[in-house]
Amino acid sequence: MTVETLKTTAPLLFFDTGMGGLSILREAQKLLPTAPVIYAADYAGMPYGMKSEEELSTRIPLLLGRLVERFKPQLVTIACNTASTIALDVVRSVLDIPVVGTVPAVKPASLITKTGVIGLLGTRATIRQPYVDRLSSEFAADKKLLRFGAPDLVHAAESKLRGEKPDPEIIDAAVAGLSEQKHGEEIDTVILACTHFPLVQEELQKSFVRDIQFIDGSQGIARRIVDLTSDIMWPETPESGLFVTTGALDQLSPYHSTLKEFGLTNWEAL
Ligand code: DGL
């Protein structure tokens with residue numbers, strides 16, 4: 001009788017309210033194509049961008065605590081700017097595994113802007129965070145950083161992943177929210193400070209009319225995940241990933257084909 005060695009590699013856990021974290025997972029999978037993945041979406045709590053700091057700084061650590069206990073990942077990526085700018089420190093203090101956060105890419109944007117005027121699109125909760133003030137004074141003190149909260153873009157991105165056309169009025173309103181500010185016409189670089197927004201980057205670019213350099217943190221985060229897991233022997237072939245939702249499972253049906261593209265072929269309600 002042959003005794004088979006059971007090889008298990010603890011998964012990487014990605015967390016967002018909805019599908020936005022796929023913009024981070026996409027980059028991570030380019031570097032680690034066979035890493036086992038659990039993607040957790042807090043659909044029951046969506047949108048985070050319209051919630052208070054108090055509510056989120058309780059909800060997020062509790063939920064991540066439950067997820068980590070249940071799925072025993074080796075690393076958590078908070079693939080959500082709103083959650084990271086509010087709760088990253090508290091999550092790190094309660095979990096005993098590495099936690100990678102997603103914060104607005106102010107530093108790289110400031111290195112590439114030529115006009116010195118940078119736009120920042122995020123959720124309403126993200127753009128008012130002291131975390132963003134700190135990034136701005138540390139890395140963009142000699143630049144103009146124009147912020148705009150565009151919560152509806154989250155829904156536009158979600159609808160695109162359901163195979164629908166994102167509402168052009170939502171896209172135009174986000175662009176106008178930046179362009180119509182003082183110096184808005186000089187913006188040459190836009191930070192996508194919500195993980196949902198890279199999913200509608202093409203639509204945003206069209207609406208701007210002039211060429212804009214869009215920047216988000218996804219590639220840097222993917223490299224950070226690689227660094228933090230450099231001692232892991234990943235499986236030779238990809239396994240099927242699991243999508244966990246705090247919402248209703250049937251709400252996921254319109255996203256199934258998108259999720260399959262990411263290898264997320266099992267679905268479960270938390
Ligand atoms: N994807 C989340 C972020 O990066 C926000 C979505 C929401 O408002 O729930 O901020």
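One-based numbering, in listed order, for ligands and for the atoms of each. The structure displayed is predicted, hence computed values, not measured ones.
- S179 pairs by the side chain to side chain contact (heavy atoms under 4.5 Å, CB included) definition with V175, E185, F208, R210, not counting sequence neighbours.
- A salt bridge does not link E186 to K144: none of the charged nitrogens lies less than 4.0 Å from a carboxylate oxygen.
- Using a 4.0 Å cut-off between charged nitrogen and carboxylate oxygen, D133 and R147 count as a salt-bridge pair.
- If you check which protein heavy atom lies closest to atom 7 (C) of ligand 1, you get Y48 N, 3.3 Å.
- Checking side-chain atoms of S84 against main-chain N and O of V103 turns up no donor-acceptor pair under 3.5 Å.
- By the criterion of a heavy-atom distance under 4.0 Å, both the backbone and the side chain of T82 are placed next to ligand 1.
- Of the protein's non-hydrogen atoms, the one nearest atom 8 (O) of ligand 1 is G49 N, 2.9 Å.
- The shortest N or O to N or O distance between H196 and ligand 1 is under 3.5 Å.
- Taking every non-hydrogen atom of D16 and a distance limit under 4.0 Å, the qualifying atoms of ligand 1 come out as 1 (N), 2 (C).
- On a distance-only criterion, T17 and ligand 1 share at least one N/O pair closer than 3.5 Å.
- Under 4.0 Å from ligand 1, heavy atoms of T195 appear from its side chain as well as its backbone.
- The atoms of ligand 1 that sit less than 4.0 Å from any heavy atom of T123 are 5 (C), 8 (O), 10 (O).
- Judged by distance alone, with hydrogens and angles left aside, the side-chain atoms of S23 form a donor-acceptor pair with the main-chain N or O of G20 at under 3.5 Å.
- Atoms of ligand 1 lying under 4.0 Å from any heavy atom of M46, numbered from 1 in the order shown and given with element: 9 (O).
- T123 places a side-chain N or O within 3.5 Å of a backbone atom of T126 that can act as its donor or acceptor partner.
- With respect to E203 and K206, no salt bridge is recorded, no charged nitrogen being found less than 4.0 Å from a carboxylate O.
- Looking at G20 next to ligand 1, no N or O pair under 3.5 Å apart turns up.
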